[in-house]
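Read the numbers this way: they start at 1 and go in the same order the structure lists the ligands and their atoms. Numbering of residues begins at 1 and proceeds along the displayed sequence.
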Amino acid sequence: MTPEPGETTALAERIKARIRAAGPISVADYMAICLGDPEQGYYMRRDPLGLAGDFITAPEVSQMFGEIVGLWLAHMWEAAGRPSPFALIELGPGRGTLMRDALRATRIVPGFLDTARLNLVETSPVLRARQREALAAVGRQPTWHGSVDTLPDMPTFLIANEFFDALPIRQYERRDGAWVERMVGLDDDGGLAFGLGAGRLAATDTPVAVDGAGNGAVLEMAPAATAIVSRIAARLRDRGGAALIIDYGYARAATGDTLQAVRRHAFADIFTTPGEVDLTAHVNFEALAAAIRTEGAVAHGPIEQGPFLMQLGLAERAHKLAAGRDDDTRTTIREAVERLVGPEEMGQLFKVLAATPAGKSAPPFDSATLAPQDR
Ligand code: SAH
């Protein structure tokens, strides 16, 4: 959507005032304020999901997504020896749709729902209310957390769909052999603009794969994402369980500026209306997998969402769901499958990464036909 000339927001004015007073801020700080400012942050005041909102996610495309994820979690719980009690956790549950569908599907798994302690990590009061409603419809009351720090210390079975893309990233620009931190400052007219700061990325933190990058290349680091994944991996190592991370992103460390703003299903400007647009960055799955391994847990994948869902029976589930239904419903189901697995749609860009304790396998990751792709 093209912003109106001169369009601004109260949050934009506050950020500019802060920069005028104290100097440029990191891209990570800019993202964190735009998304999470308690009064004017993007997620704090709205439900951004759905047709009338800004974007649509896989669980909102079809109930089949949450069902498959739920059955995967229940399978991993059974394979772990049915620990009881255990924490069933979702990070960034949006409208609660995925968890609702997962809980409905796992009723057929004896003991799973009875022993599950449902814990949601969510900062948005608006979305917490939506989640409460969605889960009340299946008779469940979750416990909410503002961060992963307060999650219960027990065997953990966790899902995060389109959560990590919303976490703040830092950006670095290549200048004469160094990675110099990109900052958000003010241009000559007093508007928000990128500039370079004094910060340099330490050579030890630089992925080998980007060593030869030329001037102007952009490298992204996601310290907040890494910290959260490390905590989860440590929990899996100590208490057992499994985690599934699904998001758009890349399987191998690479350069590229992936910071993007989205409003009403179209790309928007990052600086024009902060607080009114969703800001995300592609997820670096190689970095997340490395963080999992550093904690002594096992990273499975990443693999692409298309093969992941197909191997776990999406086509069969769609077939069953469509049986005996009218033409419109069958078309809707067929289109949902295409949207979830089509290579031009969500099937290839979205990746799935699992984590388990050492010595555990996780379907369908350990099958030889599904080597990670270099995308
Ligand atoms: N998983 C859902 C929603 C994705 S949108 C789905 O697939 O439909 C991102 C979700 O993460 C929202 O619920 C948002 O409020 C939440 N979120 C974003 N940043 C967060 C943070 N720092 N801590 C906790 N939740 C966050």
S.K.: Under 4.0 Å from a heavy atom of Pro59: give me the atoms of ligand 1 that qualify, with their elements.
M.R.: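 Near Pro59, meaning under 4.0 Å from one of its heavy atoms, ligand 1 has 6 (C), 7 (O), 8 (O).
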
S.K.: Show which residues join Val148 in its hydrophobic cluster (side-chain heavy-atom contacts under 4.5 Å, direct or indirect), or state none.
M.R.: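 Noted: Val148 shares its cluster with Ile89, Leu91, Val121, Leu151, Leu158, Phe163, Phe164, Leu167, Ile228, Val229, Ile232, Leu236, Ile245, Val283, Phe285, Leu288, Ile292, Leu353.
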
S.K.: For ligand 1, which atoms, with element, lie under 4.0 Å from some heavy atom of Pro93?
M.R.: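 Under 4.0 Å from Pro93, ligand 1 has these atoms: 2 (C), 13 (O).
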
S.K.: For Gly94, take its heavy atoms, then give the atoms of ligand 1 lying under 4.0 Å from any of them.
M.R.: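 Those qualifying, in numeric order: 2 (C), 3 (C), 13 (O).
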
S.K.: Between Arg317, Lys320, Arg100, which is the residue that forms a salt bridge (charged side-chain N to carboxylate O under 4.0 Å, His left out) with Glu67?
M.R.: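 Filter result, single survivor: Arg317.
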
S.K.: Once you measure the plane-to-plane angle for Phe365 and Phe308, does it fall in the parallel (<30°), tilted (30-60°) or perpendicular (>60°) bin?
M.R.: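 Rings of Phe365 and Phe308: tilted, 30 to 60°.
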
S.K.: Out of Asp54, Asp37, Asp278, which residue meets the side chain to side chain donor-acceptor pair (under 3.5 Å) rule with Tyr42?
M.R.: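 Only match with Tyr42 under side chain to side chain donor-acceptor pair (under 3.5 Å): Asp54.
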
S.K.: Give the ring-plane orientation class for Phe86 versus Trp77, where under 30° counts as parallel, over 60° as perpendicular and anything between as tilted.
M.R.: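 Geometry flag for Trp77 against Phe86: tilted rings.
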
S.K.: Should the pair Tyr43 and Phe55 be assigned to parallel (<30°), tilted (30 to 60°) or perpendicular (>60°) ring geometry?
M.R.: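 The arrangement is perpendicular - the two ring planes meet at more than 60°.
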
S.K.: Would you mind checking which non-hydrogen protein atom is closest to atom 2 (C) of ligand 1, with the distance to 0.1 Å?
M.R.: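 Answer, as residue, atom name and distance: Gly92 O, 3.3 Å.
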
S.K.: Of all residues at least two apart in sequence or in a different chain, which pass the side-chain contact (heavy atoms from CB on, under 4.5 Å) check with Thr9?
M.R.: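 Checked Thr9 against side-chain contact (heavy atoms from CB on, under 4.5 Å); matches are Leu11, Ala12, Thr273, Pro274, Glu276.
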
S.K.: Which one of Thr331, Thr332, Asp326, Asp327 satisfies the side chain to side chain donor-acceptor pair (under 3.5 Å) criterion with Thr329?
M.R.: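 Option passing the side chain to side chain donor-acceptor pair (under 3.5 Å) with Thr329: Asp326.
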
S.K.: What protein heavy atom lies closest to atom 8 (O) of ligand 1? Include the residue and the distance to one decimal.
M.R.: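 Going atom by atom, the protein heavy atom closest to atom 8 (O) of ligand 1 ends up being Thr57 OG1, 2.5 Å.
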
S.K.: Considering Thr123, Ile159, Asp247 one by one, which has a heavy atom nearer to atom 24 (C) of ligand 1 than any of the others?
M.R.: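 Minimum heavy-atom distance to atom 24 (C) of ligand 1 goes to Thr123.
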
S.K.: Relative to the heavy atoms of Leu127, which atoms of ligand 1 are at a distance of less than 4.0 Å?
M.R.: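 Ligand 1 atoms under the 4.0 Å threshold to Leu127: 12 (C), 13 (O), 15 (O).
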
S.K.: Which residue owns the protein heavy atom closest to atom 7 (O) of ligand 1, what's the atom, and how far is it?
M.R.: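 The protein heavy atom lying closest is Asn161 ND2, 2.8 Å.
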
S.K.: Can you measure from CG (Leu98) to CD (Glu90) and round to the nearest 0.5 angstrom?
M.R.: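 Output value for this atom pair is 5.0 Å.
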
S.K.: Find all atoms of ligand 1 within a distance of less than 4.0 Å from any non-hydrogen atom belonging to Leu49, and give their numbers and elements.
M.R.: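 Those qualifying, in numeric order: 8 (O).
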
S.K.: For residues Ile19 and Leu279: do they belong to one hydrophobic cluster (side chain heavy atoms under 4.5 Å, members Ile, Leu, Val, Met, Phe, Trp, Tyr)?
M.R.: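 Yes, one cluster joins them.
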
S.K.: What protein heavy atom sits nearest atom 4 (C) of ligand 1, and how far away is it?
M.R.: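 Looking at atom 4 (C) of ligand 1, the protein heavy atom closest to it is Glu162 O, 3.4 Å.
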
S.K.: Number the atoms of ligand 1 from 1 as they appear, then name those within less than 4.0 Å of a heavy atom of Ser124, with their elements.
M.R.: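 By the 4.0 Å cutoff, the relevant atoms are 15 (O).
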
S.K.: Around atom 15 (O) of ligand 1, find the nearest protein heavy atom and jot down its residue, atom name and distance.
M.R.: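 Protein heavy atom at minimum distance: Glu122 OE2, 2.5 Å.
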
S.K.: Who gets closest to atom 5 (S) of ligand 1 by heavy atom: Phe163, Tyr43, Phe65, Trp144?
M.R.: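 Closest candidate by heavy-atom distance is Tyr43.
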
S.K.: Give a yes/no on ligand 1: does Leu35 have at least one heavy atom closer than 4.0 angstrom to it?
M.R.: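 No, that is not the case, since the closest heavy atom of the residue is not under 4.0 Å from the ligand.
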
S.K.: Would you indicate which of Gly96, Ala166, Gly41 comes nearest to atom 18 (C) of ligand 1 when only heavy atoms are counted?
M.R.: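 Checking each option, the heavy atom nearest atom 18 (C) of ligand 1 is found in Ala166.
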
S.K.: For ligand 1, which atoms have a heavy atom of Leu167 less than 4.0 angstrom away?
M.R.: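 Once the distances to Leu167 are compared, the set is 22 (N).
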
